[in-house]
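Please read the structure below before turning to the comments.
The structure displayed is predicted, hence computed values, not measured ones.
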Amino acid sequence: MLYRDFATQEAIDAAYDPMIGRDPAALVADWRARSAAARARHRVSLDVPYGPTLAECLDLYHAEGRGAGSGQGAPLHLFFHGGYWRSLGHREFGFLVDDLVASGIGVAVVNYALCPKVRFAEIVRQARAALAWAYRHAEGLGYDPAQLSVSGHSAGGHLCAMLLATDWQGDYGLPADPIRGALCVSGLYDLGPFPWSWLQPKLRLDGRDVAEFSPAFLPCRSMARVSLVAGGKESGEFARQMADYAAHLAEQAVEVEQALLPGDDHFSILEHYLDGGRLAATVKGFHA
């Protein structure tokens, strides 16, 4: 077997390729158009650098209704996009912010470098750098560093889980637990299948990468509230990975909940960030 009960690459690809049956060009075009509209109607600081490379930047959508829109003392939420660590960027995902900013929560949509231009470890480093930057700069931007939360979709869900496995005090000189809540949407927590998949020419994962960057097998260093969500119309592997990671966290006394949203696939699930949906409510709940 290549991975668990999977004997062939074709079987792994079928289980882990959510674009099967979808038109990727149409999907991304819709996200880009909706995100451009969101940038036009919100107060946003574009391409704010959080690290030394061009890829290390974020779009900060400022909280509404706080000090005449200043965001003074507002919570700050970081969103990490998907794309299987090798595609997409921050500009496709501004459409997710409406409900949160209207509720007085600032939203930083984080960009990061992609494989194969960088190694997988560098993507994890950049995600950690974004959180460290947000903590150190929150107050100067009018946000509350004690009110940081994170979420991510697909590959971004994996990155959020890696943030929970970070030694913030030892490696960054931050408080030991700077994250108030983490929402992982259709996340990947065990990298084991991907060296055997169609993604490997881009990801170039080796055995050490799988061991070091699979949060399903790493100690959780955070006591943040964790919410795990997947779509009922996704491959069963997404639900299975979610359940395994939830059990891993629960064994460490982490406060974790998991939910399978029956009507959603890997992409429609993102709509729950909008119009009082489940994902928006979860983020707002972190800051209640």
Side-chain angles (χ1 to χ4, degrees), residues 35 38-52 55-81 89-91 93-112 125-153 156-157 159-160 162-164 166 168-169 171-185 221-227 273-274 276 279-288:
S35 296
R39 289 190 292 274
R41 65 178 169 263
H42 295 300
R43 191 168 69 91
V44 55
S45 300
L46 299 176
D47 295 327
V48 180
Y50 67 80
E56 292 173 83
C57 65
L58 54 85
D59 287 347
L60 177 56
Y61 293 80
H62 294 283
E64 297 174 359
R66 303 255 181 166
S70 70
Q72 187 64 40
L76 181 58
H77 182 73
L78 277 67
F79 174 81
F80 294 85
H81 69 82
H90 61 323
R91 287 296 165 82
F93 293 93
F95 75 94
L96 300 176
V97 309
D98 288 0
D99 199 334
L100 297 180
V101 298
S103 300
I105 299 171
V107 182
V109 182
V110 180
N111 196 67
Y112 51 86
R125 185 203 67 77
Q126 290 184 14
R128 289 167 167 163
L131 190 284
W133 179 92
Y135 183 88
R136 291 177 176 134
H137 290 82
E139 190 170 2
L141 293 166
Y143 294 91
D144 182 355
Q147 290 268 352
L148 290 182
S149 62
V150 300
S151 71
H153 172 240
L159 294 175
C160 288
M162 288 303 302
L163 297 180
L164 298 175
T166 301
W168 293 108
Q169 191 171 52
D171 292 342
Y172 290 87
L174 299 186
D177 203 0
I179 301 169
R180 191 176 181 92
L183 167 62
C184 303
V185 183
R221 297 177 178 269
S222 174
M223 286 293 109
R225 292 167 53 193
V226 180
S227 181
Y273 276 99
L274 302 173
L279 305 184
T282 296
V283 174
K284 287 184 276 188
F286 292 151
H287 303 288

Under the salt bridge (charged side-chain N to carboxylate O under 4.0 Å, His left out) rule, collect the residues that match up with Arg180, sequence neighbours excluded. none

So do Leu279 and Ser151 actually touch side chain to side chain, heavy atoms under 4.5 Å? no

Could you tell me the separation between the OG1 atom of Thr166 and the CG atom of Leu174, rounded to the nearest 0.5 Å? 10.0 Å

Residues at least two apart in sequence or cross-chain that pass ring pair (Phe, Tyr, Trp, His ring centres under 6.0 Å) with His77, listed by chain then number, are none

Backbone N or O of Leu163 within a donor-acceptor pair of the Trp168 side chain at under 3.5 Å? yes

Distance-minimising heavy-atom pair for Ser222 and Ile179: OG-O, 4.3 Å

Just verifying a value: how many Å separate Arg43 CZ and Leu60 CG, rounded to the nearest 0.5 Å? 8.0 Å

Does any N or O in the side chain of Ser35 come within less than 3.5 Å of the main-chain N or O of Phe95, such that one atom is a donor and the other an acceptor? yes

What are the two closest heavy atoms between Leu76 and Ala138, and how far apart are they? CD2-CB, 4.5 Å

Hey, are the side chains of Val44 and Leu46 touching, using non-hydrogen atoms and a 4.5 Å cut-off? yes

Any idea which heavy atoms bring Pro178 and Leu148 closest together, and the distance? O-CB, 3.7 Å

Residues in salt bridge (charged side-chain N to carboxylate O under 4.0 Å, His left out) with Arg91, at least two apart? Asp47, Asp59

For residues Leu183 and Tyr273, determine if any side-chain heavy atom of one lies less than 4.5 Å from a side-chain heavy atom of the other. yes

With a 4.5 Å limit on heavy-atom distance, are the side chains of Pro75 and Phe286 in contact? no

Restricting to ring pair (Phe, Tyr, Trp, His ring centres under 6.0 Å), what partner residues turn up for Tyr61, sequence neighbours left out? none

Run the numbers on Ser149 and Val283 for side chain to side chain contact (heavy atoms under 4.5 Å, CB included), then give the verdict. CA-CA 7 Å; Ser149 62; Val283 174; 4.1 Å; yes

Quick one: closest heavy-atom pair of Ala63 and Gly106, and the distance? CB-N, 3.5 Å

Residues two or more places apart in sequence or in another chain: which of them pass ring pair (Phe, Tyr, Trp, His ring centres under 6.0 Å) with Phe80? none

Where do Glu56 and Ala129 come nearest, in terms of heavy atoms and distance? OE1-CB, 4.2 Å

Strictly distance-based, threshold 3.5 Å: is any side-chain N or O of Asn111 a donor or acceptor partner for the main-chain N or O of His90? yes

Is any side-chain heavy atom of His137 closer than 4.5 Å to one of Tyr143? no

Sort and list the pairs that fulfil salt bridge (charged side-chain N to carboxylate O under 4.0 Å, His left out) and have at least one residue in residues 96-110, not counting sequence neighbours. Arg41-Asp98, Asp99-Lys284

For the residue pair Tyr172 and Leu131, establish whether any side-chain heavy-atom pair is separated by less than 4.5 Å. no

Mind checking whether His81 and Tyr112 have ring centres under 6.0 Å apart? yes

Which heavy atom in Gly94 sits nearest to a heavy atom in Ala38, and how many Å separate them? O-CB, 3.5 Å

Does Glu64 reach the side chain of His42, with side-chain heavy atoms less than 4.5 Å apart? yes

